[in-house]
Amino acid sequence: MYAALVAALVAYTAVAGTGCKAAIQGSGSSFLYPQMEVWVERFREAEPGVVINYNPTGSGTGQNQFLQGVVDFAGSDPPLKRADWERLRGRVVQVPVILGAVAVVYNIPGLRGHLNLSGEVLAGIYLGRVRYWDDPSIRALNPGVELPHREIVAVHRSDSSGTTNVFTLFLHKSAPSLWPEGLVGKSIEWPVDSTGRGVGGKGNQGVAEQVRQNPYSVGYVEYNYAVKTGLSYAWIVNREGVSVPPSRETVLAAAEAALASLPSSPLDDWSGAFQAIVYAPGRESYPIASFSFLILRTHYPDPAKARALSSFLHWLATRGYDYVIEGYAPVPPAIRSMIDEAARIVGGGG
Amino acid sequence: MGQPREDRLFYYSLLPFAGATVAVVLLLAAVLGYYSLPALREYGASVIVGSEWRPSEESPREASYGLLVPLLGTLATAAIAVATAVPVALAMVVATEEVLPPRLRGLLGGVVDVMAAIPTIVYGLWGLEVLAPLLRRHVYPHLNSALGFLPPFSCRAYTGASYLTAGLLLGVIVVPYIYAIVREAYRSIPSKYRLAAYALGATRYEAVRILSGMVRPAVAAAVLLAFGRAAGETVAVALVVGSAFNPPTCLLAPGYTIASLIANQFGESFYYPLMANALYLGGLLLLAIGIIANVAGLRLLAGARSRAGL
């Protein structure tokens, strides 16, 4: 008993004795979490004195805790709402740090090759109007592919989700006449449900499970999840009419194309960022791509914290993208220099 | 009081604990009621009788939260559960009390008792992985083609997740509850009735018919208690009901129950003004269903016991 206590004390002093200069608390996006874990691990090797804790509470909670001053930074898929940004103008820094995508997964037994789908077709499916896999609109996108005359089961999220927001925004932007703005959001009323062919799943896992279990179904999950579960995913027709698969390259291309409509400083209002990257122009661009942000303060009362966060951001901009895990894509160089700018802002404010 | 001092102390020392139980239930109802009020004030009765569930992050005016679909779904799935579980449980009681050789009686009875101890998440996963695909492949197509003229079976079952799947899974879950109540009643029938039946020359089948008639009030009580249990079940149902806003007019379609709606949407509900309040109201409705079913069931049971002379 005493031995254990002594051992614990020794271990504690050993940890405390490594010269811990700053402990940083962050919370937010669970999408960002696996990548953040890798970064935190690698950063600790580069700078052992800084301890960063990141808690995957979900983007909304992360933003909330950041705004209330509970955490030092937030990870969030959506940037701050315009109203929140206005209120904190000049005191808050936002930078996209990683790119993700929404993959459209399907389960069509016996289908060979890949399936091409467009926003119009997907809107039709989730409205309940496109009923069979061999619908003329799907056949037109997939010449030479033998499609079964089977009814389509449309799987969607049953909980509120940023993934649903990006997916429905894509449907609206690519097929505005079919998919009204009222059906864009993190949690919506799915028209297909009333046909009995719509089914919900909780979380990416729930959607993947329903797709796996129901032959002739289609669903949408985060790209990294599609990669992990090994479900087939569709190529999606982009703004230029080219069908592209989700991949590091096509997602990066979408971000490059979106740059022109994005703010040029971390101090700006980023609330329109999703409008810019979803259904972005460019022949190579994957049309259902998204950002994930880090949100920080410009000034931290504790100078050690400011220095630590600044050096993390600088490390991220210069070395972090050597460690991007599968299913995610690095941000383009222009955004990396913005992350470095954010490092200067945060560091200079100490 | 004319009681010895010790007994009085004993009585008073137990009072706080008994009182705490009552207080917890009252407090539960009060909190649910308190948090439901804002939703009732904004939307009026349409929270209960409306069937549209359209959340809005921006303003409560753009949103609508109608609980009718999940409310009907709750009643439908619980009714299916009880309707399927009662015959099974009754057959098991007769089997373990009258028909099976003594060794098998103990075994079967033990297995049913163990069923009650299995966490419902385990039933849920089994329902998702085994029951739902099985029903979708081998049962629902036939049900639809044979009984498609009846509204409850009129739609094609595209997914294994549906009201009927949830109801049948709940049926499996409540079998041990019904079994335990009915078995207890059956065992408490004074042996003179059984002896009398045989003395009059009844066959075993006739004797069982006479005796099972005597436990009818217990069966009714078991039905009500199991209904309350099934209506409140959350996690197993959330996995197999399909989470889609569909009225349970056709049972082969995916749907919602109140408990599964809360499980799905409560986590993020605070980003939507008044959604959490509407979900609290759902909780209050569940509590009401549970209390009505349980009180009615327990009263029936008490009546049955007193008539049996216990």
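Every chain is numbered from 1 and lettered A, B, ... according to where its sequence line falls, protein lines coming before strand lines.
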Next item on the list: Of all the heavy-atom pairs spanning A/Asn214 and B/Arg136, show the shortest one and how long it is.
Entry: OD1-NE, 3.5 Å
Notebook entry, point to check: Where along residues 159-166 of chain A does a heavy atom come under 4.5 Å of chain B, listed by residue number?
Noted result: A/Asp159, A/Ser160
Item checked: Close contacts, residues 215-223 of chain A versus chain B, judged by heavy atoms under 4.5 Å -> A/Pro215
Margin query: Quick check on A/Lys186 against chain B: is it the side chain, the backbone, both or neither that has a heavy atom closer than 4.5 Å?
Written below: both
Item checked: Region of A/Arg212 that comes under 4.5 Å of a non-hydrogen atom in chain B -> side chain
Check: Would you say B/Leu128 and A/Gln213 make side-chain contact, with heavy atoms under 4.5 Å?
Finding: yes
Notebook entry, point to check: Are B/Ser243 and A/Lys202 close enough, and set up right, to give a side-chain contact (heavy atoms from CB on, under 4.5 Å), and what steps lead you there?
Noted result: CA-CA 8 Å; B/Ser243 305; A/Lys202 190 166 191 266; over 6 Å; no
Would you find more than 12 non-hydrogen atoms of other residues, nucleotides or ligands less than 6.0 Å from [X] atom [atom1]?
X	atom1	result
A/Glu120	CD	no
A/Arg150	CZ	no
B/Arg61	CZ	no
B/Glu52	CD	yes
B/Tyr35	OH	no
A/Glu146	CD	no

Notebook entry, point to check: Using non-hydrogen atoms only, which part of B/Ala263 is less than 4.5 Å away from chain A: side chain, backbone, both, or neither?
Noted result: backbone
Next item on the list: Sort B/Glu129 into side chain, backbone, both or neither according to what part of it lies under 4.5 angstrom from a heavy atom of chain A.
Entry: both
Checklist line | ring-ring contact (aromatic ring centres under 6.0 Å, His included) partners of residues 246-267 of chain B, not counting sequence neighbours, each pair once | finding: B/Phe245-B/Tyr256, B/Phe266-B/Phe270, B/Phe266-B/Tyr280
Note to self: So, taking the atom named OG in A/Ser59 and the one named CD in B/Glu268, what distance separates them when rounded to the nearest 0.5 Å?
What the structure shows: 8.5 Å
Margin query: Quick check against the 3.5 Å criterion: does B/Asn246 have a side-chain atom that pairs as donor or acceptor with the backbone of A/Asp193?
Written below: yes
Item checked: For chain A, which residues of residues 149-162 of chain B have heavy atoms nearer than 4.5 angstrom -> B/Arg156, B/Tyr158, B/Thr159, B/Gly160, B/Ala161
Next item on the list: Would you mind telling me which of A/Ser194, A/Gly198, A/Gly60 has the largest number of heavy-atom pairs within less than 4.5 Å of chain B?
Entry: A/Gly60
Check: Out of B/Pro254, B/Ser269, B/Ala253, which one racks up the most heavy-atom pairs below 4.5 Å with chain A?
Finding: B/Pro254
